[in-house]
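A short worksheet on the structure shown next.
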Protein chains: 2
Amino acid sequence: MSFTNPSQRLRESTRLLTRKLGFLEIDEAVCCGVTLTQCHVIVETGRKQKISVNELAELLNLDKSTVSRTVDQLVNNGSLIREADPDDRRYVMLRLDLKGEELFKNIEQRMDIYFTETLESIPEEKRKQVIEGLEIFSEMLKNIKCI
Amino acid sequence: MSFTNPSQRLRESTRLLTRKLGFLEIDEAVCCGVTLTQCHVIVETGRKQKISVNELAELLNLDKSTVSRTVDQLVNNGSLIREADPDDRRYVMLRLDLKGEELFKNIEQRMDIYFTETLESIPEEKRKQVIEGLEIFSEMLKNIKCI
DNA sequence: TACATAAGTTGTAATTCGCAACTGTTTCTT
DNA sequence: AAGAAACAGTTGCGAATTACAACTTATGTA
């Protein structure tokens, strides 16, 4: 496997990355006592402050009905608040409720620690390369949509 | 969002990356007419040539029963072959059947094209930085396990 | 005013998944 | 060497997740 060409190397690291990040995401959710999808909804809502069901569905690549039901769960357990948008009453604006805020803070903090530690484990002189390289790469990845 | 610190930048790119790679994986599977899990099983099996159910379960972070059933599906549709390991008959060795080989080649080729194109879209002088940066980062990520 | 479009919800059904129990095989213990 | 423990894999079963389609309500447009 050592005599691979550049694009193969790229793919290999990406595979490894995907796998590890998969573990990370699941652990993150499990530790906070929520499902993966619930976790995603909370994080996206927390970041945007206000968000609609459709927006979430788009971001999470899920059907809006799935998101709607996930939101149900989170509203019922005090994590999320549903509010009709006064400007366009078709929209339901979602924002974090108390429990959701707590979860959000918790998740963000855990992630912050995780990435800080990861960065610190990288030799000082390589950190810039890693960060910038990742930024370039993530920007360049296309969202291919299968016909 | 522009005045973020290094670890925040790292996390942001990682988030973006995860999302895009999620789309990529799903599309990859959908285009080949298989489920995501089936796709993973095929790719892992194709790469290892021979693999056990437990090994797959470990790699894919799934219960062995789930893998066993996914393997069922793939055996039934002519993608996979189950064979008892003669050395230790507890193990079932899996390898690709004809259809599986075809799927595997197809997937690998598509991925190869995708990553080649992605790499080519990155300015020549930055490619080394991206590849090495990604390799370092993916190596450094821990598999944290929630207690 | 009527019609088309959009956001969100709900009915429904299929799929996916994990836990637990079980079978068969190997290895460890005494 | 016999029984116990450990391990790989399968199956029963139930719970959770998901998408599609139909529907409701709200907005925009001809």
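Just so we're clear, the structure is a prediction, and the values are computed from it rather than from any experiment. Quick note: numbers below take in every heavy atom, side chains included, and nothing from hydrogens, waters or symmetry partners. Residue numbers start from 1 in every chain, and the chains themselves are labelled A, B, ... in the order their sequence lines are given, proteins ahead of strands.
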### Message
Can you see if the side chain of A:T66 gets near the phosphate of D:dA19 - specifically, an N or O under 4.0 Å from OP1 or OP2?
### Response
yes
### Task
Among the candidates C:dG11, C:dT16, C:dG18, find the nucleotide nearest to the side-chain atoms of B:L62.
C:dG18
#### Entry: base_contact_polar (D:dG28 base, A:R89 side chain, donor-acceptor, <3.5 Å)
no
### Task
Specify the separation, in whole Å, of atom CG of A:L60 and atom P of C:dG8.
13 Å
### Query
Which nucleotide in the list C:dA6, D:dC7, D:dT10 gets nearest to the side chain of A:R90?
C:dA6
### Message
Between A:T70 (side chain only) and A:T66 (backbone N and O only), is there a donor and an acceptor less than 3.5 Å apart?
### Response
yes
### Summary
Looking only at C:dG11, C:dT9, D:dA8, the nucleotide nearest the B:K64 side chain is D:dA8
### Task
With the side chain of A:R69 defined as its heavy atoms from C-beta on, choose the nearest nucleotide among D:dC20, D:dC7, D:dG9.
D:dC20
### Summary
From CD1 of A:I26 across to P of D:dA16 the rounded distance in Å is 17 Å
### Query
Ignoring hydrogens and angles, does a donor from either the side chain of A:S65 or the base of D:dC20 sit under 3.5 Å from an acceptor on the other?
yes
### Query
Between the side chain of A:Y114 and the main-chain N/O of B:L141, is any donor-acceptor distance below 3.5 Å?
no
### Task
Give the rounded distance in Å between these two atoms: CG of A:N61 and C1' of D:dT18.
12 Å
### Task
Could you please spell out the steps behind the side-chain contact (heavy atoms from CB on, under 4.5 Å) verdict for B:M140 and A:V130?
CA-CA 11 Å; B:M140 281 311 178; A:V130 169; over 6 Å; no
### Message
Just by distance, no angles: are the side chains of A:S65 and A:D63 close enough, under 3.5 Å, to form a donor-acceptor pair?
### Response
yes
### Task
Take the protein atom CG of B:L56 and the nucleotide atom C1' of C:dG18, then report the distance between them rounded to whole Å.
17 Å
### Query
If you check every side-chain atom of A:S68, which of D:dT10, D:dT18, C:dT10 has the closest atom?
C:dT10
### Message
Please classify the nucleic acid contact of A:D63 as base, sugar-phosphate, or nothing, using heavy-atom distances under 4.0 Å.
### Response
base
### Query
How many Å lie between CG on A:N54 and C1' on C:dA6, as a whole number?
8 Å
### First of A:Y91 and A:D72 reached from the 5' end of DNA chain C, by closest nucleotide
A:Y91
### Query
Could you state the CG-P distance from B:L74 to C:dT15, rounded to the nearest angstrom?
15 Å
### Message
From CG of A:D87 over to C1' of D:dA26, roughly how many Å is that when rounded to an integer?
### Response
13 Å
### Task
Classify the nucleic acid contact of B:T37 as base, sugar-phosphate or nothing, counting any heavy atom under 4.0 Å across all strands shown.
sugar-phosphate
### Task
Take A:M111 and A:L24 through the side-chain contact (heavy atoms from CB on, under 4.5 Å) test and state the conclusion after the steps.
CA-CA 9 Å; A:M111 285 297 98; A:L24 179 62; 3.9 Å; yes
### Query
Between B:Q73 (CD) and D:dT11 (C1'), how many Å, whole number?
15 Å
